[in-house]
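Down below is the structure, laid out as structure tokens.
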Amino acid sequence: MALRPLACKAFSRATLTSLQQLRTANNHFHAPNSLRVVASLPSAAVPSPGAQLLGMTATSAVKGKSIALNPLIPEKYIDIPSQRLYYLSLGLLCQSIKLVDFLWSLAAAESSSAACRKWLFFDFAYCVLLSQLRIPRLQYSKATVILQICLLWFLDGILFGGININLPAVFGGLVFTPGFSDLTSSSETSIVRSILSPLTFGLVSSTPASKDGHLLGQHTVRMSPISTAHLNPQSLNYCISPSLGFVLLPVILNNTNIAGLKYTVTPLGYPGSAGGKVETHQLSIKELRAIESTYLAKLQVATQPDQSSQNDDEYDEYDDDEDSQIVPSKLHKSQTLTHIMLSRPGIVRLQQVYDYANAEARLVNSEAVVVPCPAVEFAEDEGSARQSIRCAGQDPESELKIDIYGVPPLSLRWLRTINGEREQFLVEGIEGEHKDVHDIIQENLNPETALIVRRVPAAQKVTIPLSITLRQPGTYSYALEEIVDGVGNTIRVGNEYVTPDANSISKTKSTRSYMVLKKPSVSFAHCSADHPTSLLIGSDSTLNIRTEDADNFDAPWDIQLAYQPPVDADGKVRKGGKPYKKMLKLQEDEKSLPLRVSSPGDYKFVSITGKYCTGTVLAPDTCKVVEKPYPSAEIEWKRIHECSGDTGVSATLVLHGTPPFQIYYTQQRDREPPVQRSKHFTTSRAELTIQPESSGHYTFTFTAISDANYRKIELQGPSIDQMIHPVASADFSERHGSGRGKRILSTCSGDSVDIDIDLKGTGPWNVELQVIGPHYAETMSIQDIDTPKKTIRVPIPKELESNSGSFEIDLVSVEDASKCKRPLSVPGVEVKVKRVVPTVRFYGTKDERRVIVTENEKVSLPLRLTGDGPWRVRYKKQNSDRVMTSTITDRNGGLQVSDKGTYEILAVFDSQCPGTVVADAIDYTVDWIPRPSAKLSTSTSSTYHAHNGSHILRPICEGVNDHVDLELTGRPPFQIMYNIAQNSESGGTKIVGQPTFHSIQPRTRFQLQTSTPGRIYYEVKQIGDAAYPLSKTKDMVIPRSERLLFEQQVSVRPSARFRNRNRLAYCLNDALRPLDSSSSVDGSIVFEGVPPFTLDLSIKNIAASHVDTMTVQVPTNSWKLDLPSYSFTSIGPHLITIEKVSDASSCEQAILDPLLRSIWVDVAETAAIIPFERREDICVGDVTQFQLEGIPPWTIGYKINGKSYTQEAKTSPFSVLQQQPGLFTVNSIAHQQKMCKAVVTDLRFNVHALPSARVGQGKNIFQDIHEGDQAEIVFTLVGEPPFTFTYQRSELPSKKGVPGKVLETHTVSRVQQNEYSIFSALEGTWTVTSITDKYCRYPPVQPDLAA
């Protein structure tokens, strides 16, 4: 065996040399000189291409009197270099296959004589065929060919056992076991061989080529397959739908002609259910056929669906589940399908299946869980939830009830749609009262019985609340989508939900819709008490009524209008006026309504009411209609005398009406025709000066007047005749305005107004003023004004002392020191008198002036303002000194605030005057919805530490489930975001997770994390509910000082291991104490857990097979072996093993590492040799191992059949492979360092030959039996009794020849006969795997060289 690698290296070296020659030949093939030589030769002497490659010329060929023969394959088919390449490649491939075959023969540990014969034939054929092909440079003489064949045959004999070299005879029988000696034949090897066999054209055989000479024959028994029954083969869960009322549970039968079956039904919740018990049922073949008829009918409907059925009104959410139950899976030819019909929930287990011969089929352990299908629907609405249509601000908070039925824990998926925006929610862990399973076990069964019972809880009906907020106008829809029960059944809640449009509502079992309508509001457009509407005499006027925030779904609207006729100055109603109330109707899509009126007075809105909502009356709610009189004029003619003569005429006009005015007059000179003229005035008093350019007799006559409301009203004005012949001034101060237009002045209080005038000329001056009121005019004279600038206090007309209005101040004339009085015609000053002061108040009654919003949400506090905008409103929050100011441009505007509290109005200013605050509507309160919170339930055992605000939970062991109960306050459903932290290596804590937990119940169970040992900290960071969802309040985290904190110590399970596996060395009688620190070995044990530790160690003396057990108390996490009470009393290996460890936490110990659980200790004295086994009789092929004690190297002396040998060993143990029978003795051992030699007198072994066994006289027997029959398998045993042999039964080999896997193995002992037989009714192939006679065993046990 040792020469085989050398032969392989020689063969590889020869192959490489041939390839190098081939490459050289390819490089010289097309040499030009060779072509010239060929051309000069006659045809009979033309050398072959191979001769050309060898450098042969015609001359040399003739001189040598040898003519090269042409190759067998002409060059026109394959050129010479290619022929060499192909043939040498074929040889290299075959030799590689030979090497693989050699390695497999070693791995199979079988005889390789057939493989040897195969390769002897192939090598012979390869060499002979090469000589016949006559390939140049590969042509050899007959002697060379014979020598090649002999060398290859010798190599085949070495590789495949045809030639044996007795190495033990050369080296004294000392054989070190090769590395591959432990390999055995396996099915994987056979598979690889079967794949390579066709690829190598049979050069590598698919099965071992030879038989084992010691274990021969096999007996194969074939029979029909076993009948089996399998309930619920796919391990599905089933639910009974209310529409169908039953389920069909599949049973797969294999090779079974069923006649009946028996099954049990365990009620849900058993044990523990009230009155529940396990029921047993039996079905006959007739009942099974009836069930199959039902199944086939369902299957036909499922395989031929009706397209219209999908649109059927009777379709419900359970239809899909019914179809999924009746779709069968693919069956094999030997399989059949039957069903069990079940109409009540429970756990079904198959008990018995029998055929017509009452033979029972083998039952596959399985069960089917049948539960009621989960269901969910909205419960009957209560309170405000019944109102599907409501107005904004009316009961914004409502609560729906959801009825859920199914096996807990359940999960619900529901949908909320607000104005078309969809949002999905998932609520998990829905169940009734919490009751742990172990509590039920304690109440009903002892724990040992409860462990084998699978408990599925009974279905529960749970009603859960769902808080909804209907604050903003719009359409709100809530739909139940999907319910999942505790065993995984999923039911979609129908297809009735469709996203509603903006004007629809629905109320079904799975949907709720609400419509929140805007409150309508009404006001006058472009009309108020301050800005009345004009009414002309003899005509009517239009009042524009406008609505805001009116929802079409609330149409039509009824508007109540009240009319109040005007009163005289003494408070009496004018003649012909009568108060009344009128109802107006506004239809859908109408935002405004024109109202024709023909009577002056006050028109006021009383209310606006829609189909569902009562609206709001906005300002201006009163429209004043004023009848405009015809325009008129007071005319006074004057001659213009410039102190020296008449230069013209002037007319003083006092105009009554609505400016601007148009005055029409005629001018006639002498006997000329009159000329029509007109003059435009913008003020109520005007001065018309006419100074013609020509002299003459003039006549001036006023004919008509027009104002803003009437056109050319006849004017019976006076005329003046004047002989015109053809010179000193005052004006208002620029403080009142400049330019040609009329000046504007406003006043809010008092009975007079100050007017500044500028005078020119020589003082003192006398000035005349005219004050023109709404109905009367008054002239004032101011005498002896001695300064150019003068402030004159002008009284306000009496009719404007209590009413708002305007009057005009004009300069009439001025007289200087020369007493020359001159009339003035300059723009006057219009004074606007405002007697109505602006007001402000919060809108609504005292109860309505309160709003509840979420934290930091902006809200507008509604105001009602009077006066002229814009307004400045000053306000503050009660209990605060900060005063805020807001500018508002809408008389129905509001104050924008975001803090909670009570807000109070302090003052108001409009564009002209300061106002007042209505005393009974001065404040408005803003409250916040409380944020959700969480706290530990009182049932949770914990210790509160005030210094850090944390709850300390009881310690728990690693991997043990634990939980706490939380009590939540707020509006469900809840979302809890929390941090999970753990102590870090740097000394602080690190966050290991930030999950979010969902719950719809105020009391929920919170699962703790116990998979990782250490200090686990839980911190509730943020809680969301229906009012504060986490998706919209991510920045509203709970302050750290207010967060719920709890922590728990998860104790690690104690464990112990050796620090390394280095072998320890001790001397005989040494105590087990720690080795010196300079030693490379350690012997330390590392502990994990909570000290102190209790350690149980076992010390096994391998030689004496004695075990000592010791218990040690270890106070720290590391300990070196230190057992002074234990001493090594015998030499040889000792094994120290950690048996058990416990710590202070009382937790169950962790699984100990098998590699680091034990450590070896070598105990030695002087050089000695000790056999591993103390026996005198051994067998051929056994490896005899000896333990060498002392300092290496050792020199061992031994004898084989009387012949002496010596062997040097550098390592221990020392092994000898026994290859021939006889007597083997060890007579000495020397220790090199101490140069001592010990004489061995008691090591003597008798080597015996190996026994053998044959099945069926060593032949391959095939026998077919029927079920119930038996086959006799005969074993022939060769050796010295008593015998012990092992046989095995394996599966039948596959069609490809791959051996089947082993099914069973048996060992028979104490057989005194040479023949033994057994009877069996099982199918398989019986072979003998080992045999042991009185002394030996075959195959021999492989030596454990690593030990």
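A side chain to side chain contact (heavy atoms under 4.5 Å, CB included) with Pro374 is found for one member of Val407, Asn489, Ile404 and no other, namely Asn489. When each of Ile1085, Asp1096, Ile1159, Leu1156 is paired with Ile1138, the side chain to side chain contact (heavy atoms under 4.5 Å, CB included) condition holds for Ile1085 and for no other. For the pairing with Thr264, the side-chain hydrogen bond (donor to acceptor under 3.5 Å, both in side chains) check across Arg349, Gln351, Glu367 returns one residue only, Gln351.
A donor and an acceptor atom, one from each side chain of Thr996 and Gln975, are nowhere located under 3.5 Å apart. With 3.5 Å as the limit, one finds no donor-acceptor pair spanning the side chains of Ser942 and Thr940. Residues Thr1307 and Thr1286 have side chains that bring a donor and an acceptor to within less than 3.5 angstrom of each other. The closest side-chain donor-acceptor pair between Arg1059 and Ser1118 falls under 3.5 angstrom. A side-chain N or O of Tyr1017 and one of Asn983 form a donor-acceptor pair less than 3.5 Å apart. Side-chain contact of Glu1047 with Ser950: a donor-acceptor pair under 3.5 Å is present, judged by distance alone. Counted by atom type alone, Asp1108 and His1106 present one or more donor-acceptor pairs between their side chains at under 3.5 Å. No hydrogens or angles considered: nothing links the side chains of Asp962 and Thr1010 as a donor-acceptor pair under 3.5 Å.
In terms of heavy atoms, Ser937 sits closest to Arg1003 at OG-NH1, 2.8 Å. The minimum heavy-atom distance linking Met1036 with Arg931 is given by the pair O-NH2, 2.7 Å. Residues Leu953 and Ser941 approach most closely at CD2-O, 3.9 Å, considering heavy atoms. Pairing each heavy atom of Ser1145 with each of Val1052, the nearest pair is OG-O, 4.3 Å. Scanning all heavy atoms of the two residues, the minimum distance from Arg1053 to Glu958 falls at NE-O, 3.2 Å. Contact between Gln1001 and Val462 at its shortest, heavy atoms only, is NE2-CG1, 4.5 Å.
Looking only at side-chain heavy atoms (C-beta outward), Pro995 and Ile980 come within less than 4.5 Å of each other. Side-chain contact between Lys1100 and Val1107: present, with at least one pair of heavy atoms (C-beta onward) separated by less than 4.5 Å. Looking at heavy atoms from C-beta onward, Leu1097 lies in side-chain contact with Leu1121 at the 4.5 angstrom threshold. A heavy-atom distance below 4.5 Å is found between the side chains of Val964 and Leu1008. Side-chain contact between Gln1022 and Tyr1028: absent, with no pair of heavy atoms (C-beta onward) separated by less than 4.5 Å. Within the 4.5 Å cutoff, side-chain heavy atoms of Tyr238 are placed close to those of Asn232. Proximity of Leu936 to Leu966: side-chain heavy atoms (C-beta onward) are separated by under 4.5 Å at one or more points. The closest side-chain heavy-atom distance from Lys277 to Pro267 is not below 4.5 Å.
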* Report the C-alpha separation of Leu426 and Arg413 in whole Å, then their side-chain angles, then the decisive distance to 0.1 Å, and conclude whether the side-chain contact (heavy atoms from CB on, under 4.5 Å) test is met. => CA-CA 4 Å; Leu426 174 64; Arg413 190 182 300 275; 4.2 Å; yes

*May I have the step-by-step check of side-chain contact (heavy atoms from CB on, under 4.5 Å) for Leu466 and Trp414, ending in yes or no?*
CA-CA 11 Å; Leu466 177 61; Trp414 58 283; 3.7 Å; yes

Stepwise, does the side-chain contact (heavy atoms from CB on, under 4.5 Å) test hold for Ser1142 with Gln1149? CA-CA 6 Å; Ser1142 61; Gln1149 73 175 24; over 6 Å; no

Practice item. Check the pair Glu1139 / Arg1157 against side-chain contact (heavy atoms from CB on, under 4.5 Å), numbers first and verdict last. Key: CA-CA 8 Å; Glu1139 299 294 342; Arg1157 184 181 178 182; 3.7 Å; yes

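Between the side chain of Asn237 and the main chain of Val487, a donor-acceptor pair closer than 3.5 Å is present. The backbone N or O of Gly432 sits less than 3.5 Å from a side-chain atom of Gln460, completing a donor-acceptor pair.
Annotation: Glu1088, atom CD; neighbour count of heavy atoms from other residues, nucleotides and ligands within 6.0 Å does not exceed 12. Heavy-atom contacts from other residues, nucleotides or ligands closer than 6.0 Å to CD1 of Ile1151 number 12 or fewer. Taking a 6.0 Å sphere around CZ of Arg1015, one finds it holds more than 12 heavy atoms contributed by other residues, nucleotides or ligands.
Using a 30° and 60° split on the angle between ring planes, Phe997 and Phe1006 fall in the perpendicular class, above 60°. Ring planes of Tyr1126 and Phe1128: perpendicular class, angle over 60° (limits at 30 and 60°).
Separation of atoms CG (Leu1072) and OG (Ser1127) is listed at 9.0 Å; rounding is to 0.5 Å. Between the CD1 atom in Ile464 and the CD1 atom in Ile402 there is a gap of 4.5 Å [rounded to 0.5 Å]. Summarising the geometry, atom CZ belonging to Phe1046 is positioned 7.0 Å from atom OH belonging to Tyr1018; distances are rounded to the nearest 0.5 Å. To the nearest 0.5 Å, the span separating CD1 on Ile991 from CD on Glu1019 amounts to 7.0 Å. Taken to the nearest 0.5 Å, the CH2 atom of Trp1119 stands 6.0 Å off from the CG atom of Leu1095. Interatomic distance, OH of Tyr978 versus CG of Leu1044, reported as 12.5 Å (0.5 Å rounding).
Using a 4.0 Å cut-off between charged side-chain N and carboxylate O, Arg344 and Glu279 make a salt bridge.
When ring centroids are compared, His951 and Tyr944 come within the 6.0 Å threshold.
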